[in-house]
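These notes concern the structure reproduced below.
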Amino acid sequence: MRKILIATTLFAALAFGAAAQTPPSISLENAWARATTASAQAAAIYLTITDHGPADRLVGVATPVAGKAQLHETIHEGTVTKMRPAAGIAVPPGATLSLAPGGYHIMLTELKQPLTDGQSFPLSLTFEKAGTVETTVTVKAAGAAPAHNMDHMNMPGMKSN
């Protein structure tokens, strides 16, 4: 009986170890935000999300630098541009989604202190299937532009539900 218990425990430990080494299905790159003024209460975060697994959905965000963090999208209606909260953002399998100025982004409100050029801070993104994925946001100069200009609002499957 003791041999069976030891064998079962060893098998479970090996299986858990193999599962823990499974690469994440979501990767996050180039997370950045613009520096803010001393009186600013809001900021936006931009980044690139790549889904290496099954279709997933970004459903939540959190960071210790702000009282609130929300998924947002920018809507262009004729000559009017509006921002509104997004309940979630679909991330199709094998796709790369760019959260960038003028489209989807993470909106921070109730900043606890100004964001300063060169600073970095943690960000947690929660996905329906992949769970919580952590990254680090780098703060760039106030007038910083994205590294590339990708029109992600018109990509298939890039609408919030």
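By convention here, the first residue in the shown sequence is residue 1.
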Go through the structure and list residues passing side-chain hydrogen bond (donor to acceptor under 3.5 Å, both in side chains) with [X], not counting sequence neighbours.
X: Thr138; answer: none
X: Thr79; answer: none
X: Glu134; answer: Ser124

Applying the 4.5 Å side-chain criterion to the ILVMFWY set and letting contacts propagate, would [X] and [Y] be lumped into a single cluster?
X: Val137; Y: Ile26; result: yes
X: Leu97; Y: Leu28; result: yes
X: Val139; Y: Ile106; result: yes
X: Tyr104; Y: Leu108; result: yes

For residues [X] and [Y], report the shortest heavy-atom separation together with the two atoms involved.
X: His105; Y: Thr74; result: CE1-OG1, 3.5 Å
X: Leu115; Y: Ala33; result: CD1-CB, 4.2 Å
X: Pro101; Y: Arg34; result: CG-NH2, 3.8 Å

Is the side chain of [X] donor-acceptor paired with the backbone N or O of [Y] at a distance under 3.5 Å, no angle test?
X: Ser25; Y: Gly53; answer: no
X: Lys140; Y: Asp117; answer: no
X: Asp56; Y: Ala130; answer: yes

Let me check something: any side-chain donor-acceptor pairs from residues 60-72 under 3.5 Å, sequence neighbours excluded? List them with distances.
{"from": "Thr63", "atom 1": "OG1", "to": "Pro122", "atom 2": "O", "distance (Å)": "2.6"}
{"from": "Gln70", "atom 1": "OE1", "to": "His72", "atom 2": "NE2", "distance (Å)": "3.1"}

Residue pairs, two or more places apart or on separate chains, that pass ring-ring contact (aromatic ring centres under 6.0 Å, His included) and touch residues 33-54: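 Qualifying pairs: Trp32-Tyr46.
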Output every pair passing ring-ring contact (aromatic ring centres under 6.0 Å, His included) with a member in residues 107-135, not counting sequence neighbours, ordered by first then second residue.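 Non-adjacent pairs meeting ring-ring contact (aromatic ring centres under 6.0 Å, His included): zero.
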Distance in Å, Glu73 CD paired with Ile89 CD1, rounded so as to fall on 0.5 Å steps: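 One gets 7.5 Å once the value is rounded to the nearest 0.5 Å.
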Atom pair OG/CD1 of Ser98 and Ile49 - distance to nearest 0.5 Å: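 These two atoms lie 9.0 Å from each other.
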In a check of side chain to side chain donor-acceptor pair (under 3.5 Å) between Thr96 and each of Thr50, Thr48, Asp51, which one passes?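 When Thr50, Thr48, Asp51 are each tested with Thr96, the side chain to side chain donor-acceptor pair (under 3.5 Å) holds only for Thr50.
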Quiz question: by atom type and distance under 3.5 Å, do the side chains of Thr136 and Ser120 form a donor-acceptor pair?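 There is no such pair between these side chains.
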Verify the neighbour count for atom NZ of Lys82: are there more than 12 heavy atoms of other residues, nucleotides or ligands below 6.0 Å?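 No, because the 6.0 Å sphere around NZ of Lys82 holds 12 heavy atoms or fewer from other groups.
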Walk me through whether Met107 and Met83 qualify under side-chain contact (heavy atoms from CB on, under 4.5 Å). CA-CA 10 Å; Met107 192 74 204; Met83 280 193 303; 4.2 Å; yes
Working for side-chain contact (heavy atoms from CB on, under 4.5 Å), residues Arg84 and Ile75: CA-CA 8 Å; Arg84 70 176 183 198; Ile75 305 296; 3.9 Å; yes
Does Thr126 form a side-chain contact (heavy atoms from CB on, under 4.5 Å) with Leu58? I'd like the steps, not just the answer. CA-CA 6 Å; Thr126 303; Leu58 175 59; 5.7 Å; no
